[in-house]
Chemist: 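Here it is, the structure, as structure tokens.
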Amino acid sequence: MNKQFQIHWLEEIVEKIIDRSVVNVTLSTGKTPSGHIHLGILREILICDALRRVLEKKDYNVKNLLFFDSLDAAKRFPAYISEEFQKKHIGKPFALIPCPFDNCQCESYAFHFGNELSNTFPRFGIKLKVLWTHELYKKKDMQEKIKIALENNDLIKNILKKNIFPTIDEKNKEEFVKMQKTWMPAMVICEKCNRIQNKDKNDNIIPNRVQHYYADEEAVSYKCESCGYSGKTSIWSGQLKLNWRIDWPAKWAIFKTICEPAGKDHSVKGGSYDTGLELCQKLYGYEGPVKVSYEWLRLGDYDMKTSKGIVFTPEKYLNMAEPEIYRAIILKTNPNKHIAFRIEELSQYYDYYEKMENIYFGLDKLEVEDENKILKYTYPLTQIKQIPKIKSKTLPLKLLTFLTQIQNIISIDILYKQVIRFMEDNKFEKKISIEEFKELLKKSRNWIDEVNKILERTKDLKIKREISRKIDIFSIPTKINNEVLDKIEDNQILGVRLIREFLENNKNLDASSIQNKIFTIATENLKISPKKLFEAIYLIILGKKNGPRLGPFLTLLDKDWLLKRFNI
RNA sequence: GGGCCAUUAGCGCAGGCAGGUAGCGCAGCAGGCUCUUAACCUGAAGGUCGGGGGUUCAAAUCCCCCAUGGCCCGCCA
């Protein structure tokens, strides 16, 4: 047998899905809309989206779902929500809390943040169907699952105990046993105050747990931990919610989920994925999904945690970089490894992407054949638009970074002309419009601003220098200081004067004639190496020995300014 | 208490499951070029693969232990 070495990790999941022998494949993911949803969630969503593409190509009928867990209770709020608002709504399900922003007309807290995320999907090339848990719980399908859970409470408790017990220490074991005595698998939203849980003095969460299930009446009794109301409600009232560990398998069973990726919070030993699978089988008679666990995506050396003020949304990403690049980062990395997404390393991500592109279009080849295969496999999965027949040319990130940073001295129209010329020189099949160009500059600007923020909070000078190199093309000092002038030798100064004369006496100079003139002055008039003269000019303009190609650069600059600067 | 991830050159990372001369990008160094939009070419340099043990003819890779950094799990979600 020819063992196929090194296949993409995605294919291993695909194989497991195919082993299920179904034609209709449902993939799902989930997220509680408790605030701005950060970039990390796209890891699981993109894994599913890639699976969808691979499976659709194999003629499977794939349905991708995203559950917004809008019926989850607000146990705490992020810092950007006002204290007054927090007090008023803590303990309510997010779907029953109004939008926290005054000037926003949207329906609820859950909708606001959920939609903020899902609005970015088209731009990331993600196709899925959004389902809201608060709507799901109004449906009979789900309510039947609640009934089954209430009727089988002992079975559930046994499964939970079996899985959780070995993972906790002695002290917690006692508490666990005690807690299970009164435990029921569902909670009730209070008819009076809309709350589903409260916090005690020690910040422990006390849910409005079902107290008793009246099987003959198909009703439950409960006591609201927040307002003290005691009541009885039908299990078909839509006021009940399953505890998370049962909620999840219930959804799997209803939608026959074949695969769902989950972050490590859920996929640890004895965690909700393990208990979910067993409950799904024994309680709801469905095998459950193929388990895919993934590590967190971190922002540099920080975790993306709302509580620590590190919120980096997909929207924010799109404002500074291309979505294909992000897809590539996710798809190249095995899900069980954490990703440190480093904003300052963006150009490396672009380089990797371009390498992949070149290999896909046969313009480049790596020595190791397996690596070529993997990259060729990955590339189409990163694409958002239709894949072109030949590689489409794009403006290099470094050029954009450069152009962005000279915007303060050179008008956008002139820059655009330069870019058009660049595209002509490099035989671009399609030139971008000025609007598109402005868009690119805006992204680049945002990126540079973000890197500058990182620079501000970096204390280590060595690291600071490393980072600043990545964006710091150059700056034009307003004055040339004497220290710099002292470095320039007499014959170099003479050369600069000759250039100045040339610029003064000739109008409408083009880049190459300036370039050539510098060269001839150096070799013929001064008999020095052109390099020396180039260096002198760079020193006078930029204060350092090198810089952008001089001919085009000088034509960009204001002539009067140049003549003044060269007057030495 | 139970798990997961990371540790490889100055910086960022790949390789590890399937053991066989340690790789990529950037930075740095030296040189070239009518030369570079910091985007080109060439060359050299840089690593006891976190530490220790084991298995093996052979370990960055497999097994065990430890260290450091980070995260997750027990109620709730």
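Here is how names work: the chains are called A, B, and so on, in the same order as the sequence lines, proteins then strands, and each is numbered from 1. Bear in mind that the values here come from a model prediction, so they are computed numbers and not experimental data.
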Chemist: If you check the A:Arg342 side chain, which of B:C13, B:C76, B:G16 turns out closest?
Modeler: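 That would be B:C13.
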Chemist: With rounding to the closest Å, how many angstrom separate the C1' atoms on B:U55 and B:G19?
Modeler: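 Looking at atom C1' only, B:U55 and B:G19 are 11 Å apart.
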Chemist: Can you figure out which of B:A77, B:U34, B:G1 approaches the side chain of A:Met187 most closely?
Modeler: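 Of the candidates, B:A77 comes closest.
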Chemist: Please state how far atom CD1 in A:Ile246 lies from atom C1' in B:C75, giving the value in whole angstrom units.
Modeler: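 Taking atom C1' of B:C75 as the reference, CD1 of A:Ile246 is at 13 Å.
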Chemist: Looking at A:Pro93, A:Cys227, A:Pro207, A:Ser226, which one forms a side-chain contact (heavy atoms from CB on, under 4.5 Å) with A:Arg195?
Modeler: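 When A:Pro93, A:Cys227, A:Pro207, A:Ser226 are each tested with A:Arg195, the side-chain contact (heavy atoms from CB on, under 4.5 Å) holds only for A:Ser226.
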Chemist: Whole angstroms only, please: what is the CG-P distance between A:Leu299 and B:C71?
Modeler: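 Nearest whole value for this atom pair: 14 Å.
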Chemist: So, the side chain of A:Tyr137 versus the backbone of A:Leu242: is there a donor-acceptor pair under 3.5 Å, distance only?
Modeler: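 Between the backbone of A:Leu242 and the side chain of A:Tyr137 there is a qualifying donor-acceptor contact (under 3.5 Å).
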Chemist: Does anything in residues 261-280 of chain A pair up under side-chain hydrogen bond (donor to acceptor under 3.5 Å, both in side chains), and if so which pairs, sequence neighbours excluded?
Modeler: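 The answer is A:Lys162-A:Glu278, A:Asn163-A:Glu278, A:Trp244-A:Ser272, A:Arg245-A:Thr275, A:Lys264-A:Glu295, A:His266-A:Ser272, A:Asp274-A:Lys291, A:Glu278-A:Lys282.
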Chemist: Expressed in angstrom and rounded to an integer, what is the separation of A:Leu400 atom CG from B:A39 atom P?
Modeler: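 Going from A:Leu400 (CG) to B:A39 (P), I get 15 Å.
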Chemist: Whole angstrom is fine here: how far is it from CD1 in A:Ile37 over to P in B:A77?
Modeler: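 Interatomic distance, CD1 of A:Ile37 to P of B:A77: 18 Å.
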Chemist: For A:Leu399, answer base if it contacts any base atom (sugar-phosphate contacts may also be present), sugar-phosphate if it contacts only those atoms, and nothing otherwise; contact means non-hydrogen atoms under 4.0 Å.
Modeler: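 Base contact.
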Chemist: Show each protein N/O and nucleotides 22-25 of chain B N/O combination with a separation under 3.5 Å, one pair to a line.
Modeler:
| residue | atom | partner | partner atom | Å |
| --- | --- | --- | --- | --- |
| B:G25 | N2 | A:Gln348 | NE2 | 3.1 |

Chemist: I'd like the P distance from B:C41 over to B:A9, given in whole Å.
Modeler: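 It works out to 26 Å between them.
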Chemist: Could you tell me whether the phosphate oxygens of B:C76, OP1 or OP2, come under 4.0 Å of any side-chain nitrogen or oxygen in A:Trp183?
Modeler: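 Checking B:C76 against A:Trp183, a side-chain N or O does come within under 4.0 Å of OP1 or OP2.
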Chemist: Take the angle between the ring planes of A:Phe111 and A:His134 and call it parallel below 30°, perpendicular above 60°, tilted in between.
Modeler: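 Correct class here is perpendicular.
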Chemist: Using whole Å, what does the distance between atom C1' of nucleotide B:G74 and atom CG of A:Asp274 come to?
Modeler: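 After rounding, the gap between these two atoms is 14 Å.
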Chemist: Under 3.5 Å for both pairing distances: what stems, at least three Watson-Crick or G-U pairs long, include RNA chain B?
Modeler: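 If one scans RNA chain B for consecutive Watson-Crick or G-U pairs, the stems found are B:1-7 with B:67-73, B:10-13 with B:23-26, B:29-32 with B:40-43, B:50-54 with B:62-66.
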Chemist: Under 4.0 Å between any heavy atoms, over every strand shown, what does A:Ala340 touch: base, sugar-phosphate, or nothing? Just pick one.
Modeler: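 The residue A:Ala340 makes sugar-phosphate contact but no base contact.
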Chemist: Salt bridge check, A:Asp351 against A:Lys355: does any charged N sit closer than 4.0 Å to a carboxylate O?
Modeler: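 Result for this pair is no, no salt bridge flagged.
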Chemist: Atom CZ in A:Phe67, atom OG1 in A:Thr32: separation rounded to 0.5 Å?
Modeler: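 Reported to 0.5 Å precision, the distance equals 12.5 Å.
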Chemist: So does A:Asp169 reach the base of B:G2 with its side chain, donor to acceptor, closer than 3.5 Å?
Modeler: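 No.
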Chemist: What integer distance in Å separates A:Leu242:CG from B:C76:P?
Modeler: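 The distance from CG of A:Leu242 to P of B:C76 comes to 12 Å, rounded to the nearest Å.
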Chemist: Distance between the P atoms of B:U21 and B:A60, in whole angstroms?
Modeler: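 B:U21 and B:A60 have their P atoms separated by 10 Å.
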Chemist: Salt bridge check: are A:Glu44 and A:Lys31 linked by an N-O gap of less than 4.0 Å?
Modeler: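 No.
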Chemist: Please figure out whether A:Met423 or A:Glu12 has its closest RNA chain B nucleotide nearer the 5' end.
Modeler: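 In this pair, the answer is A:Glu12.
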Chemist: P atom, B:A30 versus B:A45: distance in rounded Å?
Modeler: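 These two P atoms come out 15 Å apart once rounded.
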Chemist: Is the charged tip of A:Lys161 near the ring of A:Phe165: under 6.0 Å from the six-membered ring centre and within 45° of its axis?
Modeler: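 Yes, A:Lys161 lies over the aromatic ring of A:Phe165.
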Chemist: Could you please name the option among B:A77, B:C72, B:C5 that lies closest to any side-chain atom of A:Trp296?
Modeler: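 Nearest listed nucleotide: B:C72.
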Chemist: Shortest non-hydrogen contact from A:Asn243 to A:Met184?
Modeler: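 Smallest heavy-atom distance, with atoms named: OD1-O, 3.7 Å.
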Chemist: Check the phosphate of B:G74 against A:Lys173, side-chain N and O only, distance under 4.0 Å to OP1 or OP2. Yes or no?
Modeler: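 No, outside the criterion.
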Chemist: How close or far is atom C1' of B:C76 from atom CG of A:Leu71, stated in whole angstroms?
Modeler: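 A:Leu71 atom CG is separated from B:C76 atom C1' by 14 Å.
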Chemist: When the P atoms of B:C5 and B:C63 are considered, how many whole Å apart are they?
Modeler: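 Each nucleotide's P atom is 12 Å from the other's.
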Chemist: Quick check on B:A77: is either OP1 or OP2 less than 4.0 Å from any side-chain nitrogen or oxygen of A:Arg76?
Modeler: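 The answer is no; no side-chain N or O of A:Arg76 sits under 4.0 Å from OP1 or OP2.
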Chemist: Is there a side-chain contact between A:Lys398 and the phosphate of B:C40, meaning an N or O under 4.0 Å from OP1 or OP2?
Modeler: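 Indeed not, no polar side-chain atom of A:Lys398 lies that close.
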Chemist: For B:A58 versus B:C62, give the span between their C1' atoms, rounded off to a whole number of Å.
Modeler: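 The answer is 13 Å between these two C1' atoms.
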Chemist: Between A:Lys241 and A:Asp72, is there a salt bridge with N-O shorter than 4.0 Å?
Modeler: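 Looking at A:Lys241 together with A:Asp72, the answer is yes, because their closest N to O distance falls below 4.0 Å.
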Chemist: Distance check needed: B:G74 C1' versus A:Leu160 CG, whole Å only.
Modeler: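 For the pair A:Leu160 CG and B:G74 C1', the rounded distance is 12 Å.
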Chemist: Output yes when at least one side-chain N/O atom of A:Asn243 is less than 4.0 Å from OP1 or OP2 of B:C76, else no.
Modeler: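 Yes, such a contact exists.
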Chemist: With a 4.0 Å cut-off, would you call A:Glu450 and A:Lys453 a salt bridge?
Modeler: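 Salt bridge: yes.
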Chemist: Measure up the A:Phe341 and A:Tyr326 rings against each other and bin them: parallel (under 30°), tilted (30 to 60°), perpendicular (over 60°).
Modeler: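 Judged by the thresholds at 30° and 60°, the geometry between A:Phe341 and A:Tyr326 is perpendicular.
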Chemist: Quote, to the nearest angstrom, the P distance that separates B:C64 from B:C72.
Modeler: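 It works out to 26 Å between them.
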Chemist: Considering every strand and a 4.0 Å limit on heavy-atom distances, what is the contact class for A:Asn336: base, sugar-phosphate, or nothing?
Modeler: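 If one applies the 4.0 Å heavy-atom cut-off, A:Asn336 turns out to touch the sugar-phosphate alone, with no base involved.
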Chemist: Classify the nucleic acid contact of A:Trp244 as base, sugar-phosphate or nothing, counting any heavy atom under 4.0 Å across all strands shown.
Modeler: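 The answer is base, as A:Trp244 lies within the cut-off (heavy atoms under 4.0 Å) of a base atom.
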Chemist: Any donor-acceptor pair, under 3.5 Å, between the side chain of A:Lys264 and the base of B:C71, if you only look at N and O atoms?
Modeler: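 Flag set: donor-acceptor pair detected.
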Chemist: In terms of side-chain heavy atoms of A:Val268, which of B:G2, B:C75, B:C5 is nearest?
Modeler: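 The answer is B:G2, which lies nearest to the side chain.
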Chemist: If I pick the P atom on B:A44 and the same atom on B:G51, what distance separates them, to the nearest angstrom?
Modeler: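 These two P atoms come out 28 Å apart once rounded.
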